[in-house]
There are 2 protein chains.
Amino acid sequence: MARAGLTADRVTLTGAELADEVGLEHVTMSAVARRLGVKDASLYVHVRGLEDLRGRIALLAADEKTIRIAEATAGRAGKDALVAFADSWRAYAHAHPGRYTATQIPTQIDPELAARAAGPRRAVELTYSMLRAYELAEPDLTDAVRLVRSTLHGFVSLEAAGGFAHARPAEASWARCLDALHALLERWPASREGDPS
Amino acid sequence: MARAGLTADRVTLTGAELADEVGLEHVTMSAVARRLGVKDASLYVHVRGLEDLRGRIALLAADEKTIRIAEATAGRAGKDALVAFADSWRAYAHAHPGRYTATQIPTQIDPELAARAAGPRRAVELTYSMLRAYELAEPDLTDAVRLVRSTLHGFVSLEAAGGFAHARPAEASWARCLDALHALLERWPASREGDPS
DNA sequence: ATTAAAACCTAATGACCCTAGGATAAGCCT
DNA sequence: AGGCTTATCCTAGGGTCATTAGGTTTTAAT
């Protein structure tokens, strides 16, 4: 009987595929084992358990998404870069809904694992460099990074949850939101003393 | 033996409490039953199953959050209203993390149930009225509503997932993001033809 | 008091997570 | 080539959980 040739990565990838097809909450050890033609218990050699598997899927997704964004924004600047950044973010979430939701779980990941996967860190760094053209100084830059990331994630998340049902196409609102973000970044409001009203 | 006096609402509330304490993913039929001093099977009289329970928790949370926001924004307008709106949104998420994550699951809720709970609908309507002072015309108004909701939800969601770790306090970024949103809403960019760069 | 409708329980099935210990394939060394 | 080592994969089994079916008891209405 030939061996299945499993590795942690293969198990993770199978879990990720399953997540995109049936939803992350239906990714079970048993289901992954079934798809790999293997008994459940065999997976525990490669993966610590279900929690660990979920964490690995999340890191895989973060890596993949970061790479897509890096490719899309390479050689662009300003609004061009912002739109490429945002569109590839959203495209990844649409193409891989299960993987994307995996990135949202506040799971405490094996630190040894987290060190090797640079996805999340690089994702934030990419956002900083993408905003470079807007010439913001700290701490405004950090605030802007957080605002942009919040808006993109929030939009995609609400969209996935069916929050924009039946009305104006989400597509159109997305484009306008990016326009708005761009305009905002170009005229980032000065420090405090916001005038009321 | 006295009867426990269960109702669908009591079961839902217990599930919601549990969600805030141990996380939504650990809300199980068994755990809810244990806390109520009842056998698992007894819950199925009041609730269709775990999916249904989760949906009910989500609707409860939406209702509660909407009420808080409505109270906070009553009698306010402009930036004052925006800040009150956003702060109470975030405060609810912090006070009830389990309930809040329940609102994110794209669960298909019993339509008969969804009709009675007006939370999600009213939440969106509230956002529209909160933005009234900025005098936007459709379809910009809808886009602005979606932008604001996306940003608030995204910020809270990333914050909960530990996305803003160790650097500048989230509190400070939050305040600046609201400043920025306010500035943006006051000068919402005109329709199309965004200048590149 | 009788009866009807619930609420609640016992019992049982099947899925799933995970551990422990045994068998076996793959590569390595001589 | 043959034996040793190692890691892979399996069999077995215990525990939790979701869910259904059917019985029993409380509650309240007639």
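Here is how names work: the chains are called A, B, and so on, in the same order as the sequence lines, proteins then strands, and each is numbered from 1.
At whole-Å resolution of the value, NZ in B:K39 and P in D:dT24 are 18 Å apart. In this structure, the OH atom of A:Y44 is 16 Å from the P atom of D:dT11, given to the nearest Å. In this structure, the CG atom of B:D40 is 18 Å from the P atom of C:dA15, given to the nearest Å. Rounded to a whole Å, the CD atom of A:E25 is 14 Å from the P atom of C:dC16. Per the geometry, CG belonging to B:L53 stands 10 Å off P belonging to D:dA18, to the nearest Å. As a whole-Å value, the separation of A:L50 CG from D:dT16 C1' is 14 Å. A:L6 has its CG atom 16 Å from the C1' atom of D:dT6, to the nearest Å. The distance from atom CZ of B:R10 to atom C1' of C:dA7 is 13 Å, rounded to the nearest whole Å.
Considering only the side chain of B:A41, C:dA11 comes nearest among C:dA7, C:dA11, C:dA20. Closest approach to the A:M29 side chain among D:dT20, C:dC18, D:dC9 is made by C:dC18 (side chain taken as heavy atoms from C-beta onward).
Note on B:H46: a side-chain N or O is less than 4.0 Å away from OP1 or OP2 of C:dC8. Listed pair A:S30 / C:dA15 fails the phosphate criterion, with no side-chain N or O lying under 4.0 Å from OP1 or OP2. Residue B:R34 places at least one side-chain N or O under 4.0 Å from the OP1 or OP2 atom of D:dC17. Dashed line: the shortest gap from a side-chain N or O of A:T28 to OP1 or OP2 of C:dC17 is under 4.0 Å.
Salt bridge status for B:R146 with B:D143: absent, with no side-chain N to carboxylate O gap under 4.0 Å. A:R35 and A:E21 are joined by a salt bridge, as a carboxylate oxygen and a charged side-chain nitrogen come within less than 4.0 angstrom of each other. A salt bridge is absent between A:R56 and A:D9; no separation between the charged side-chain nitrogens and carboxylate oxygens falls under 4.0 Å.
Here the side chain of A:S173 pairs no donor or acceptor atom with the backbone of A:A170 at under 3.5 angstrom. Side-chain atoms of A:R176 come within 3.5 Å of backbone atoms of B:P189 as a donor-acceptor pair (strictly under, hydrogens ignored).
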